[in-house]
Amino acid sequence: MTDAAALPGRPRGGALSGPATARAVNVLAPNPSAMTLDGTNTWILSEPDSDLAVVVDPGPLDEGHLRQVVATAEQAGRRVALTLLTHGHPDHAAGAARFAELTGTRVRALDPALRLGDEGLAAGDVVTTGGLELRVVATPGHTSDSLSFHIPADGAVLTGDTVLGRGTTVVAHPDGRLGDYLDSLRRLRSLTVDDGVHTVLPGHGPVLEDAQGAVEYYLAHRATRLAQVETAVEDGHRSPAEVVAHVYADVDRSLWPAAELSVRAQLDYLEEHGLI
C-alpha cells in the first residue's frame with residue numbers, strides 16, 4: 001500500500017465527508033463513477049462563529065443529497081445564504097436551481113446561463129458572507145467557465161475540477177483549452193508561493209495538504225503528456241483516437257473517451273504553437 005504522504009499533494013486519509021478546515025465542511029454526493037471518483041464534493045463554507053454559510057457546488061439533482069447539505073448546515077446552527085458554482089458541469093451544477101428553491105438563495109456563477117439573480121462572478125471578485133471572505137480566481141481550461149475560490153483565512157483554495165484530490169483532470173475540448181489550463185495552474189501555483197495557500201479543497205477526491213506539490217505535479221504531468229502526444233504524431237499517429245491508444249495505453253479503456261478530449265486539446269495547442 002502506498003503511503004498517502006508520498007502521493008502528489010499529500011491526500012488526506014479518512015472519510016471525505018465532514019470538516020476539512022476551520023471554515024470548510026464537505027458533504028459527499030452519492031454519484032461515484034470513474035469520472036467523479038468518490039462523488040462530487042459539495043462544500044459548506046462559513047466563519048466559525050457565524051450563523052450564515054455559503055455552499056459551493058450543490059452537485060447533481062439528487063433530492064436526498066441537496067436536503068442533506070441543508071441539514072448539515074442547520075445542524076451546525078447555520079443558514080445557507082448564498083450558492084456559488086465552480087463551473088457548469090452537471091455533477092456540480094445540475095442541482096443548483098433546486099437547491100436555490102430549498103434555501104431561498106441566489107446562485108452566482110461565471111456563466112450567465114447558470115445564475116439565479118442579478119449577480120455573477122468574475123476574476124478578482126471578493127465574496128463576503130457572514131464575515132467569510134472568498135476571493136474569486138479565474139481558472140479556465142477544464143472548462144471555459146471554471147473558477148476557484150481562495151479562502152485566505154484557511155490558507156486554502158477550492159478548485160472544482162481544476163485540481164482533483166486524486167489523479168488528474170480532463171481538458172474538456174472544445175470548451176476547455178490547454179493553454180488556458182496551463183495558465184490557470186500557474187495562477188494556482190502563485191497562490192501557493194505568494195499567498196500562503198497550502199490546502200486544496202477539490203471538487204472530487206480527498207483534501208490535499210500540499211497544494212504546491214499538487215500543482216507542480218499537474219504542471220509536470222501536462223508537460224509529459226504534451227511531449228508524448230507530439231512524439232506520437234511524429235510517429236504517424238494522426239487521429240485523436242490513434243494518439244489515445246498509443247499514449248494512454250496504460251489507462252483504463254473506460255476513460256479513453258475523456259482522454260480523447262484532452263488529446264484534442266493538446267493537438268490544438270501543438271498546432272497553435274507550430275509544433276506539429
Side-chain angles (χ1 to χ4, degrees), residues 14-21 23-47 50-121 127 129-130 132 134 136 142-143 145-149 151 158-162 164-166 169-170 172 175 201-207 254 258:
L16 297 185
S17 282
T21 68
R23 292 164 180 80
V25 173
N26 181 32
V27 181
L28 182 64
N31 61 333
S33 72
M35 291 298 294
T36 61
L37 304 181
D38 310 90
T40 300
N41 294 333
T42 293
W43 292 103
I44 303 173
L45 309 177
S46 62
E47 280 297 306
S50 175
D51 61 356
L52 299 179
V54 175
V55 166
V56 179
D57 290 354
L61 184 53
D62 181 293
E63 188 76 10
H65 171 66
L66 300 177
R67 290 186 178 275
Q68 181 61 40
V69 175
V70 175
T72 300
E74 290 179 344
Q75 288 163 9
R78 298 189 174 97
R79 175 178 64 84
V80 178
L82 180 63
T83 303
L84 306 178
L85 297 177
T86 61
H87 65 297
H89 278 168
D91 57 313
H92 293 257
R98 175 57 180 153
F99 189 73
E101 290 179 356
L102 292 172
T103 58
T105 58
R106 297 165 294 147
V107 177
R108 296 181 62 180
L110 178 62
D111 184 348
L114 299 171
R115 300 173 189 167
L116 291 174
D118 296 330
E119 286 189 281
L121 289 171
V127 177
T129 302
L132 175 73
L134 299 176
V136 180
H142 170 66
T143 61
D145 68 330
S146 288
L147 298 172
S148 295
F149 299 102
I151 311 170
L158 197 159
T159 54
D161 283 356
T162 299
L164 304 178
R166 186 169 64 250
T169 199
V170 172
D175 182 49
L201 306 177
H204 304 277
V207 170
S254 69

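FYI, side chains are in, hydrogens and waters are out, and symmetry mates aren't considered; it's all heavy atoms of this structure. Treat the numbers as computed from the prediction; the structure is a model and nothing was measured.
For the pair Arg23/Leu45, no side-chain contact is recorded, criterion being any heavy-atom separation below 4.5 Å from C-beta on. A heavy-atom distance below 4.5 Å is found between the side chains of Val80 and Phe99. Considering only heavy atoms from C-beta on, Thr159 stays 4.5 Å or farther from Leu164 through its side chain. Contact annotation: the side chain of Thr86 never approaches that of Asp161 to less than 4.5 Å [non-hydrogen atoms, C-beta and beyond]. Leu134 has its side chain within reach of Leu84: a pair of non-hydrogen atoms, C-beta onward, lies under 4.5 Å apart.
The OG1 atom of Thr40 lies 11.0 Å from the CE atom of Met35; values are rounded to the nearest 0.5 Å. Distance check: Leu201 CG to Asp57 CG gives 11.5 Å after rounding to the nearest 0.5 Å. Considering CZ of Arg108 and OG1 of Thr83, their distance stands at 11.5 Å, rounded to 0.5 Å. Between the OG1 atom in Thr103 and the CG atom in Leu82 there is a gap of 9.0 Å [rounded to 0.5 Å]. Glu74 contributes atom CD, which lies 10.5 Å from atom CZ of Arg67 (distance to the nearest 0.5 angstrom). With rounding to the nearest 0.5 angstrom, the CG atom of Leu85 is 8.0 Å from the CG atom of Leu121.
Judged purely by atom type and a 3.5 angstrom limit, Trp43 uses its side chain to pair as donor or acceptor with the backbone of Pro202. Using modelled atom types, one side-chain atom of Asn26 and one backbone atom of Leu16 make a donor-acceptor pair closer than 3.5 Å. Side chain of Thr21 to main chain of Ala24: a donor-acceptor pair is present (N/O by atom type, distance under 3.5 Å, no hydrogens or angles). Side-chain N or O atoms of Arg78 include one that pairs as donor or acceptor with a backbone N or O of Ser50 at under 3.5 Å.
Taking the six-membered ring where tryptophan is involved, the planes of His87 and His92 are tilted, since the angle between them lies from 30° to 60°.
Annotation: salt bridge (Lys or Arg N to Asp or Glu O under 4.0 Å) contacts of Glu101 (sequence neighbours excluded): Arg98. A search for side chain to side chain contact (heavy atoms under 4.5 Å, CB included) contacts involving Leu116 returns Ala97, Ala100, Val107, not counting sequence neighbours. For Arg166, the salt bridge (Lys or Arg N to Asp or Glu O under 4.0 Å) test picks out Asp38, with sequence neighbours left out. In this view, Pro30 and Asp62, His65 satisfy the side chain to side chain contact (heavy atoms under 4.5 Å, CB included) rule, not counting sequence neighbours. Residues satisfying the side chain to side chain donor-acceptor pair (under 3.5 Å) test with Ser146, not counting sequence neighbours, are Thr143. A search for side chain to side chain contact (heavy atoms under 4.5 Å, CB included) contacts involving Leu110 returns Asp145, Leu147, not counting sequence neighbours.
The shortest heavy-atom contact between Ala81 and Thr129 is CB-CG2, 3.9 Å. In plain terms, the two heavy atoms of Ala109 and Leu114 that are nearest each other are CB-CB, 3.9 Å. Shortest non-hydrogen contact noted between Pro58 and Ala96 is CG-CA, 4.0 Å. Across all non-hydrogen atoms, the minimal contact from Leu66 to Pro60 is CD2-O, 4.0 Å.
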Test side-chain contact (heavy atoms from CB on, under 4.5 Å) on Glu63 and Leu102; report intermediate values, then the result. CA-CA 10 Å; Glu63 188 76 10; Leu102 292 172; 4.2 Å; yes
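For the side chain to side chain contact (heavy atoms under 4.5 Å, CB included) criterion with Thr72, the lone passing option out of Val55, Thr42, Val27 is Val27. The only option from Asp91, Thr169, Asn31, Thr36 that meets the side chain to side chain donor-acceptor pair (under 3.5 Å) definition with His204 turns out to be Asp91.
A salt bridge does not link Glu119 to Arg115: none of the charged side-chain nitrogens sits closer than 4.0 Å to a carboxylate oxygen.
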